[in-house]
Visitor: 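One structure is given below, represented as C-alpha cells, and several questions about it will come after.
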Amino acid sequence: MADHRQDPHRQNLPGQDPHRYDPQEIEPRWQAVWAKEKTWEVTNDPFDGKSSYILVMLPYPSGEPHIGHLKVYTVGDAIAHFHRRRGERVLNPMGYDAFGLPAENHAIATGVHPRDSTAASIAAFRRQFRRWGVSIDWSRELATNDPAYYRWTQWIFLELLRAGLAYKKEAAVNWCPVDATVLANEQVVNGRCERCGAEVETRQLDQWLFRTTAYAQRLLDDLDTIDWPEHVKTMQRNWIGRSEGALVTFRSEDDPDVGYEVFTTRPDTLFGATFFVMAPEHPDVLRLAAGGPHEAEVREYVERAHHAPNSERSAAERPKTGVPLGRNVINPVNGEAIPIWVADYVLISYGTGAIMAVPGHDERDHAFAEVYGLPIRRVIDGPGGLPYSGDGPLVNSHPDFDGLPNREALTRIIAWLARDGRGERSINYRLRDWLVSRQRYWGCPIPVVYCEDCGLVPVPVDQLPVVLPDIEDYAPHGRSPLAAAEDWVATTCPACGGPARRETDTMDTFVDSSWYFLRYCDPHNDEAAWDPEALRRWMPVDQYIGGIEHAILHLMYARFFTKALADLGHLDFQEPFSALFTQGMITRDGAKMSKSRGNVVSPGPLVERYGVDTARAYILFIGPPDQDADWSDEGLEGVHRFLGRLWRLSAEAADPSRDEDSGGGAPGGDTGARDGLPAELAGADLELVRKAHWAIDKVTHDMDGRFAFNTAIAAVMELTNDCSRLRDSVSGGAMRFALETAASLVFPFAPHTATDAFHLLTGRRVWEEPWPVADERMLETDTFELVCQVMGKLRDRVQAPSSATPDELEALALAAPNVRHHIDGREIAKVVVVPGKLVNVVVR
RNA sequence: GCGGGCGUGGUGGAAUUGGUAGACACGCCGGCCUUAGGAGCCGGUGGGCGAAAGCCCUUGGGGGUUCGAGUCCCUUCGCCCGCACCA
C-alpha cells in the first residue's frame with residue numbers, strides 16, 4: 001500500500017514542526033499543572049486503600065544540587081509514581097538538613113551569616129527539585145534550622161534527659177584541632193577528622209552524650225526484622241560489635257579490697273595470663289605507679305600517649321611499647337602475682353580499659369612479651385608454635401580442666417569463677433554512647449541552663465524553643481561561639497528565678513536528622529512534635545532511599561531515637577524504616593566527580609540542553625541503581641533519541657490529519673474496545689498488541705519489589721522500536737494502544753514526556769490512570785520456539801504448539817534435521833523435556 | 001587480619017527457580033533521505049574456520065556436580081567497599 005502520509009521529519013525546522021520533541025516546552029507546561037493543582041499533596045484523612053511512605057534522605061543544602069541528588073530523587077520519584085499508579089496514597093515529602101559545619105565554615109570565610117547562605121541554598125535546591133518535576137508534597141516542606149522544627153528537637157532532648165538517656169560527663173573525647181570541636185567516634189576515620197582530615201587529638205571535656213549503648217542488643221536483634229540490604233546490616237552489626245566472654249577481677253597484691261576487672265573473650269586461657277596491661281588513660285595508672293621505681297617513666301609515657309595523634313596510636317603494625325607500673329595483681333585462677341604494665345596497645349574505649357595478657361595465645365600480647373622478655377606459657381595444645389589462637393585441649397592449667405577441649409573449659413571456668421565472685425559471664429559491645437555536644441554555632445541549642453543554686457536545670461517545655469541568637473563572630477575558639485553572646489548566655493533559672501547561664505554547646509546535626517521522618521507526618525503541629533494519630537497513618541517508612549555513606553551513622557541514630565521514643569510512650573513501632581534502598585554513586589571516567597578533577601556533570605546545563613526527562617531516564621537506564629555507574633554523554637544521547645522517538649510516534653499517531661486506515665492491519669475504526677482496538681486481532685496488529693502486554697508484564701515485575709529500572713526502560717525501548725518498525729503495517733488503533741502503553745509504562749522514569757505523549761493520544765492524564773495490567777491471554781502464544789539440544793548443545797530450533805505434550809515435544813525435537821544429523825544413528829540414552837522450553841537428547 | 005561485594009563483547013550492562021549467553025543502549029561499519037547535518041530512518045556488529053549450510057571457542061584461571069553451569073560446590077587470581085591493636 002502506498003504511503004501517502006507526510007514524513008514529518010522532512011519539515012523539522014524548529015518552531016514550525018508540530019512533531020518536534022521539545023522538552024523545554026513540554027516539561028514546564030506540565031510542572032505548572034502539577035504545581036497549580038497540588039497534584040502530589042496528600043492529607044492525613046482516613047483512607048480506604050493502602051498508604052505508602054516513600055522517603056528519600058533529606059539533602060544537606062550547600063550550593064546547588066549535584067548529579068547525585070538528581071539520581072537519588074529520580075529513584076525515589078520512580079518508586080513513588082509506581083505506587084500511586086497502583087492506587088496507593090503516597091507520602092513523598094522534602095526537607096533540608098540545614099544546620100551544620102560547612103555553612104558555618106563558609107560564614108567564617110565570607111562573613112555571610114549561615115542563616116542567609118543556608119536560605120539561599122535551600123531556595124536553589126527547591127527551584128531545582130521543581131524543575132526536575134519531582135513529585136513532592138510541598139505542603140510538608142521543613143528545614144531543621146527552623147525554630148518551629150528545632151523546638152521539637154529540643155523537646156526530644158529533654159525527653160531523653162528525663163529518661164536518663166541523655167547525660168553529661170567529663171570524658172576523653174576526640175578533638176579536632178582545625179574545626180576546634182569535639183567529634184563523635186563515628187566522625188573519626190583512621191584517626192583523622194572525617195570532615196577536614198586533621199589529626200584528631202584527645203581531650204578531657206564535659207560533654208553531652210546519648211546512651212546508645214543501652215540499646216546495643218536491641219539495635220542488633222531488630223536488624224532481623226527489617227528489609228535492608230545485607231551489607232548495610234552487616235556494617236551495623238560490626239559497628240555494634242557484640243562479643244561474648246567474661247568479666248574477671250584481678251585483685252591488687254597490696255590491697256585485696258582493690259580489684260581490676262578485665263573483659264576477655266577467652267577465659268579458657270586465664271591460666272596463661274603472665275602479665276596485666278592498662279591503657280594509658282586508665283584512671284588508676286598514675287596512682288599505681290606513684291612511689292614506684294618507674295614513676296617518672298610512667299608519667300612520661302602517659303603524657304606522650306595523651307598527645308600522640310590517634311592515627312599513630314591505632315597503627316596495628318607498629319612495635320609495641322609500654323612501661324611496668326612496679327606493682328602486681330593476683331591472677332584469680334592460680335593465685336600468681338603478675339606485673340601491671342601500661343601500654344598504648346590497650347584501648348580505654350573498649351571493655352574496661354585493662355586486659356589480662358596471654359602471650360601464648362594472643363598475637364598482640366605475644367609481640368609485647370617478646371619486646372620486654374615477659375614469660376610466655378602454652379595453656380592450649382595445638383599444632384605449631386606460639387602464639388596459637390586456635391582450639392585444642394587445655395594444658396598446664398589446673399587438674400580439673402587440663403585435657404578438656406578449650407570451648408568446654410571456657411564455660412566451666414566461668415562457672416567456677418562465678419561461684420565465689422571472681423568473675424562472671426559478660427557481653428561486651430564495641431558501640432559507644434553517642435557524643436552529641438558540639439562547640440559550634442550553627443546547630444540546635446541544647447535546652448538546659450546552669451544555676452548556681454539549682455545546678456543543671458532543663459528549660460521547661462513551654463519555654464521552647466531556646467532560639468539560636470544572632471552573632472558576629474563564628475570562629476571557634478575552643479569553646480562554643482555562643483559563649484561570647486553574653487546577652488543570650490545570661491538568663492534566669494526556670495526553677496528559682498535566680499541568675500543562671502545557658503548551655504553554650506549545640507547539638508550534633510545527626511540529632512536533627514534522627515527524627516525528621518516523624519515530623520513530615522504532621523509538619524505544622526504547634527502543640528506537639530507530632531500527633532500519634534498522624535504517625536499511625538504513615539509510619540514506619542515503607543521505603544527509605546539514600547546513600548550508602550549513611551549505612552552506620554544516620555541509620556543507627558534514627559533507629560536509636562525510634563526505640564528510645566517508643567520506650568517513652570511516644571511511638572508504637574520499633575523500627576523507623578521497614579525497607580531500605582541504597583543507591584550507587586555516579587562517577588565519570590571511573591572516578592568520583594570533583595571540581596579538582598574537572599569531571600563534574602552539572603544537572604543545570606544538562607536539563608537545559610536535553611530536558612530533565614532525558615537525564616532522569618538515562619540515570620536509571622545506565623545500570624542497576626544500587627551500583628556505581630560511570631557517566632557517558634553518548635549514552636545520554638541514546639536515551640534522548642528514545643524519548644524523542646516515542647513522543648514523535650505518539651504525536652504522529654494522534655494527529656487527526658492522518659488517515660486512520662492506512663497500514664496493512666485488520667480494519668481499523670472503533671469496534672467497541674476502549675482503545676479503539678479491533679475486536680479480532682491478527683497479523684501485525686496482534687504482534688504489536690502482544691508486545692505491549694509483554695512490556696506491561698516485564699515493567700511491572702521489574703518495578704514490583706525490585707529496582708530494575710534499567711531493564712524496565714529497555715522493555716519500553718523494545719516496544720517503541722516495534723512501534724516504529726511496524727508503523728506501516730498496523731492499524732491506527734493498535735498503534736495508539738501500543739504507544740499509549742509505552743507512555744504509561746515510562747511515566748515513572750520520564751514523567752513529562754510520558755504525560756504529554758499519553759495526553760496527545762488519549763486526551764487523558766496518565767498520572768490519574770491506574771497502572772496497566774497485562775492480559776494473560778496476550779502473554780500466551782499458540783506456538784513457541786522449541787530449543788533442541790543434543791548432549792546439552794544447541795542444535796536446532798523448531799516451532800512447537802504451546803499445547804504439545806512432552807511426548808509430542810520429544811518427537812518434534814527428534815525430527816528436527818540438525819538434531820537427526822547429530823544423533824547420527826547413535827543410541828538415545830535419555831531425553832530430557834522441559835515443557836515450553838527445550839528438549840535435550842542424550843546419546844551414547 | 002575480620003566482614004561484605006564484584007569479575008560477562010570495543011563500552012555500560014541483560015540473562016525469575018540451573019535450561020537458546022550477550023536483551024537494551026553506546027561505539028563502530030555500511031546504506032537511505034538531505035543544499036547541509038551534531039536531525040531522522042534502515043541494515044550489520046563476541047572470536048575463529050567456512051562460499052553456504054554449519055562447526056569450534058567464549059561469562060578472570062583451574063577442578064567438580066549435572067542430561068545441561070554465567071548461575072551450584074571446591075580451589076585460585078584480580079579488583080572494590082566497610083571495620084581494624086576490639087582483648
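Numbers restart at 1 for each chain; the letters A, B, ... are given by sequence-line order, proteins then strands.
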Visitor: Would you say the rings of Phe250(A) and Tyr260(A) are close, in the sense that their centroids are separated by under 6.0 Å?
Guide: no
Visitor: With a cut-off of less than 4.0 Å, is there a side-chain N or O of Arg237(A) near OP1 or OP2 of G4(B)?
Guide: no
Visitor: If you measure only the distance, is there a donor-acceptor pair under 3.5 Å linking the side chains of Glu637(A) and Tyr610(A)?
Guide: yes
Visitor: Whom does G43(B) pair with, Watson-Crick or G-U wobble, provided both distances fall under 3.5 Å?
Guide: C29(B)
Visitor: To the nearest angstrom, how far is Gln583(A) atom CD from G5(B) atom P?
Guide: 20 Å
Visitor: With rounding to whole Å, what would you report as the distance between C74(B) and G3(B) at their P atoms?
Guide: 15 Å
Visitor: Nearest to the Thr264(A) side chain among A87(B), G40(B), G82(B), which nucleotide is it?
Guide: A87(B)
Visitor: Tell me whether Glu718(A) is salt-bridged to Lys698(A), with the criterion being a basic N under 4.0 Å from an acidic carboxylate O.
Guide: no
Visitor: Choose from A87(B), G3(B), C67(B) the nucleotide whose nearest atom is closest to any side-chain atom of Tyr350(A).
Guide: A87(B)
Visitor: Does Lys837(A) put a side-chain nitrogen or oxygen below 4.0 Å from OP1 or OP2 of G19(B)?
Guide: no
Visitor: Does Asn710(A) have a side-chain nitrogen or oxygen under 4.0 Å from the phosphate oxygens OP1 or OP2 of A25(B)?
Guide: no
Visitor: So, is Thr269(A) near the phosphate of A87(B), with a side-chain N or O under 4.0 Å from OP1 or OP2?
Guide: no
Visitor: Expressed as a whole number of Å, how far does the P atom of G18(B) sit from that of C67(B)?
Guide: 15 Å
Visitor: Check every atom of G54(B), C41(B), C85(B) against the side chain of Lys320(A) and return the nucleotide holding the closest atom.
Guide: C85(B)
Visitor: Output the rounded distance in Å from CZ (Phe709(A)) to C1' (C24(B)).
Guide: 17 Å
Visitor: Identify, between Ala714(A) and Arg725(A), the residue whose nearest nucleotide on RNA chain B lies closer to the 5' end.
Guide: Ala714(A)
Visitor: In terms of side-chain heavy atoms of Ser632(A), which of C26(B), C85(B), A14(B) is nearest?
Guide: C26(B)
Visitor: To the side chain of Glu634(A), which of C26(B), G19(B), G82(B) is closest?
Guide: C26(B)
Visitor: Choose from A84(B), G12(B), G82(B) the nucleotide whose nearest atom is closest to any side-chain atom of Arg430(A).
Guide: A84(B)
Visitor: Classify the nucleic acid contact of Phe621(A) as base, sugar-phosphate or nothing, counting any heavy atom under 4.0 Å across all strands shown.
Guide: base
Visitor: Scan Glu230(A) against the nucleic acid and name what it touches under 4.0 Å (heavy atoms): base, sugar-phosphate only, or nothing.
Guide: nothing
Visitor: Do Asp628(A) and Thr587(A) pair up side chain to side chain, a donor and an acceptor below 3.5 Å, judged on atom types alone?
Guide: no
Visitor: Just compare G3(B), A87(B), C41(B) and give me whichever is closest to any side-chain atom of Thr265(A).
Guide: A87(B)
Visitor: Over how many whole Å does the gap from Leu809(A) atom CG to G19(B) atom C1' extend?
Guide: 14 Å
Visitor: Considering only the C1' atoms, how many Å lie between C26(B) and G46(B), rounded to the nearest integer?
Guide: 16 Å
Visitor: Just to confirm, is there a sub-4.0 Å distance from OP1 or OP2 of A87(B) to any side-chain nitrogen or oxygen of Ser243(A)?
Guide: yes
Visitor: Would you tell me if any nitrogen or oxygen in the side chain of Arg795(A) comes within less than 4.0 Å of OP1 or OP2 on C56(B)?
Guide: yes
Visitor: Considering only the C1' atoms, how many Å lie between G9(B) and G44(B), rounded to the nearest integer?
Guide: 15 Å
Visitor: Contact class for Asn818(A) (heavy atom, under 4.0 Å): base, sugar-phosphate, or nothing?
Guide: sugar-phosphate
Visitor: State whether His822(A) places a side-chain N or O below 4.0 Å from either non-bridging phosphate oxygen (OP1 or OP2) of C55(B).
Guide: yes
Visitor: With Arg826(A), which residues qualify under salt bridge (charged side-chain N to carboxylate O under 4.0 Å, His left out), at least two apart?
Guide: none
Visitor: Given C85(B), C26(B), G82(B), identify the nucleotide with an atom nearest to the side chain of Asn238(A).
Guide: G82(B)
Visitor: What integer number of Å spans the P atoms of U65(B) and A69(B)?
Guide: 11 Å
Visitor: A14(B) and G70(B): how far apart are their C1' atoms, nearest whole angstrom?
Guide: 12 Å
Visitor: Rounding to a whole Å, what distance do you find between Asp630(A):CG and A25(B):C1'?
Guide: 15 Å
Visitor: Need one value for Arg588(A): base, sugar-phosphate or nothing, where a base atom within 4.0 Å counts as base even if backbone is also close, heavy atoms only.
Guide: nothing
Visitor: Taking the side chain of Asp344(A) as heavy atoms from C-beta outward, which of A14(B), C85(B), C41(B) is closest to it?
Guide: C85(B)
Visitor: Check the distance between C80(B)'s C1' and Met235(A)'s CE and give it to me in whole angstrom.
Guide: 13 Å
Visitor: With both distances kept under 3.5 Å, what pairs with C2(B), Watson-Crick or G-U wobble?
Guide: G82(B)
Visitor: With syn defined as a glycosidic angle within 90° of 0 and anti as everything else, classify G61(B).
Guide: anti
Visitor: Heavy-atom count around Arg820(A) CZ within 6.0 Å, excluding the residue itself: above 12?
Guide: no
Visitor: Using whole Å, what does the distance between atom P of nucleotide C24(B) and atom CD1 of Ile622(A) come to?
Guide: 19 Å
Visitor: Considering only atom P, compute the distance from U11(B) to G27(B) and round it to an integer number of Å.
Guide: 15 Å
Visitor: Salt-bridged, Arg588(A) to Asp630(A), with N to O below 4.0 Å?
Guide: no
Visitor: If we take the C1' atom in both G10(B) and C81(B), what is their distance in whole Å?
Guide: 28 Å
Visitor: Would you mind checking if Glu230(A) and Arg237(A) are paired as a salt bridge, meaning a charged N to carboxylate O distance below 4.0 Å?
Guide: yes
Visitor: Is it true that Lys837(A) and Glu785(A) make a salt bridge, defined as a side-chain N closer than 4.0 Å to a carboxylate O?
Guide: no
Visitor: Taking atom types as they are modelled, would you say the side chain of Asn840(A) forms a donor-acceptor pair with the base of C67(B) within the 3.5 Å cutoff?
Guide: yes
Visitor: Ignoring backbone atoms, test whether Asn721(A) places a side-chain nitrogen or oxygen under 4.0 Å from the OP1 or OP2 oxygen of A25(B).
Guide: yes
Visitor: In terms of the nearest nucleotide of RNA chain B, which residue is placed more toward the 5' end: Gly638(A) or Ile548(A)?
Guide: Gly638(A)
Visitor: Return the pairing partner of U71(B) with a 3.5 Å limit on both distances, Watson-Crick or G-U wobble; otherwise return none.
Guide: none
Visitor: Respond yes when some side-chain nitrogen or oxygen of Lys793(A) is under 4.0 Å from OP1 or OP2 of C57(B), and no when none is.
Guide: yes
Visitor: When the distance from CG of Leu794(A) to C1' of A69(B) is rounded to whole Å, what number comes out?
Guide: 16 Å
Visitor: Under a 3.5 Å limit for both distances, which nucleotide forms a Watson-Crick or G-U wobble pair with G7(B), could you say?
Guide: C77(B)
Visitor: What integer distance in Å separates Gln627(A):CD from C81(B):C1'?
Guide: 13 Å
Visitor: Which nucleotide in the list A14(B), G19(B), C83(B) gets nearest to the side chain of Gln789(A)?
Guide: G19(B)
Visitor: Ser243(A) and Asn428(A): side-chain donor and acceptor closer than 3.5 Å?
Guide: no
